[in-house]
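Below is one structure, written out as structure tokens; the observations come after it.
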Amino acid sequence: MVAPRKGHLFESYSIRPDSPYLRTSRTRMHYRPLGRTGLNVSVLGFGTGTRFGQKRNQTQAQATLLVRTALDLGVNYIDTAPMYLEAEAMLGGALAGVPRKRYIVATKFFPMHDGGVPITPAELRLSVECSLRRLHVETIDILQLHGLRPHWLEPVMAALGAELEALRAEGKYRFLGVAETIVADPRHEMVPRAAPTGRFAMALVAYPLLSPWAETTALPACAYHGLGAIAMVAVGRALRAPAHLARLLQAARARGEPGASDLPAENPLDWLLDGHAPTLAAAGYRFAVAHPAIASVLAGTLSIDHLRANIAAVCAPPMPADQLSRLRQVFLRTDPEHWRPYDL
Ligand SMILES: NC(=O)c1ccc[n+]([C@@H]2O[C@H](COP(=O)([O-])OP(=O)(O)OC[C@H]3O[C@@H](n4cnc5c(N)ncnc54)[C@H](OP(=O)(O)O)[C@@H]3O)[C@@H](O)[C@H]2O)c1
């Protein structure tokens, strides 16, 4: 049995000293600067995408244990959104009493109505104020425009730019960011448009190894214009479900995409596995963190064992260069329209 250290985060949260989560050895977290914000973020970030916010998946007590374990393991970057069902409220509950300097919270607002009309400044303000209340914080560290399509940028900023400035001046949030859509922007065209405007400090970018197209557009734009890049959907479904991966590759071969034909039919990605990436999920997170423009990779997990494994994967020695170049030779020779992060 390992007793909590004096001043250890667990001690103040009354986690039983015989908790199995205290027994395994811990990986030391790495941190990277987030663009020019002055924030140093953990290379593994905690994603609260929809499963975290569904009460049928976990109780508040389980969510609290998960979030506090993540913090205790050195995670300091947490991504959430009003659209993730109950996620903001559950996160707020989990963070109650945690010293504010222990975490960086990034949330979002959805800037467009269904009919393609931007939300009003009053609706923006209401969204931000509701997020503040649900999260129980006085300031949101990062406020992102959620799911921004490339052609939404100009109308949304024309409608909301002044209110965004006012909200920042009032201290409601610190840094403005943009979050790509994982559905409708497979060529990552929004971030290269948003980055040169000078309005944004960071971008949330889809960067799965099965569809690494962000490194040809969005990630160079972030690096050039000084935005911090956070990777999302690094793993998705196909890296965890061999049958789904096989179907994707089979369809790609049938379309005549040259990259897919370069992979073996059986266990097509097993050459990515080694002592530092024992599973394809680990390889997915390890791949995303290897890009120099990425400050942190979000992992959406409800499992403390997966959380630990993911930290080990992103803090391991970098993915070897021959693996990186083989991945590019395969997946940059596919059709991004057919490898949308949402479908992976
Ligand atoms: N446009 C947007 O704004 C947008 C869109 C999508 C996502 N996001 C953000 O990005 C975050 C990350 O995205 P995501 O949650 O879809 O992607 P992800 O981290 O790529 O994948 C999460 C899935 O992988 C599983 N998983 C995680 N670690 C694993 C491991 N070590 N072994 C096996 N399975 C593992 C999780 O299930 P288990 O619970 O079983 O671990 C979960 O089903 C979201 O939570 C959200 O905060 C933002």
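Numbering of ligands and ligand atoms starts at 1, following listing order. We count residues from 1, following the sequence as given.
Among protein heavy atoms, atom 28 (N) of ligand 1 sits closest to N310 ND2, 2.9 Å. Y285 OH, 3.2 Å is the protein heavy atom nearest to atom 27 (C) of ligand 1. Regarding atom 44 (C) of ligand 1, its nearest protein heavy-atom neighbour is G49 N, 3.6 Å. Nearest protein heavy-atom contact of atom 20 (O) of ligand 1 is V235 N, 2.7 Å. For atom 47 (O) of ligand 1, the closest non-hydrogen atom of the protein is D79 OD2, 2.6 Å. Given atom 16 (O) of ligand 1, the protein heavy atom at minimum distance is V233 CG1, 3.5 Å. Counting only heavy atoms of the protein, atom 1 (N) of ligand 1 lies nearest to E180 O, 2.9 Å.
When only interatomic distances are considered, the shortest N/O to N/O separation between H306 and ligand 1 falls below 3.5 Å. For the pair G300 and ligand 1, the shortest N or O to N or O distance falls below 3.5 Å. Considering backbone and side-chain atoms together, A299 places no N or O closer than 3.5 Å to any N or O of ligand 1. For ligand 1, the polar-atom distance check finds no N/O of L204 at less than 3.5 Å from any of the ligand's N/O atoms. At a 3.5 angstrom cut-off on N or O pairs, T80 does not count as close to ligand 1. Between A281 and ligand 1, a contact under 3.5 Å exists for no N or O pair. Geometrically, ligand 1 and T301 share a nitrogen or oxygen pair separated by less than 3.5 Å. Close N/O approach between G236 and ligand 1 is found [any backbone or side-chain N/O within under 3.5 Å].
Within the 4.0 Å heavy-atom cutoff, F46 does not count among the residues contacting ligand 1. Ligand 1 is approached by R51 to a heavy-atom distance shorter than 4.0 Å.
Checked against a 6.0 Å centroid threshold, the rings of F52 and F46 count as neighbours.
Using a 4.0 Å cut-off between heavy atoms, K108 contacts ligand 1 through its side chain alone, with no backbone atom that close. Only side-chain heavy atoms of Y84 come within less than 4.0 Å of ligand 1; its backbone N, CA, C and O stay farther off. Looking at T48 against ligand 1, only its backbone comes within 4.0 Å, counting heavy atoms.
No hydrogens or angles considered: nothing links the side chains of S127 and E123 as a donor-acceptor pair under 3.5 Å.
Nearest to atom 5 (C) of ligand 1 by heavy-atom distance, out of R237, M232, R240, is M232.
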Review point. Hey, mind stepping through E215 and R328 against salt bridge (Lys or Arg N to Asp or Glu O under 4.0 Å) and telling me if it holds?
Key: CA-CA 10 Å; E215 66 186 39; R328 287 173 180 134; 2.5 Å; yes
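When each of W152, F109, Y84 is checked for a ring pair (Phe, Tyr, Trp, His ring centres under 6.0 Å) with H146, only Y84 meets the rule. Each of V98, D72, L95 was scored for a side chain to side chain contact (heavy atoms under 4.5 Å, CB included) with V67, with one residue passing: L95.
No chain of hydrophobic side-chain contacts below 4.5 Å, direct or via other Ile, Leu, Val, Met, Phe, Trp or Tyr residues, connects V297 to L34.
I119 and A159 get closest at one heavy-atom pair: O-CB, 4.5 Å.
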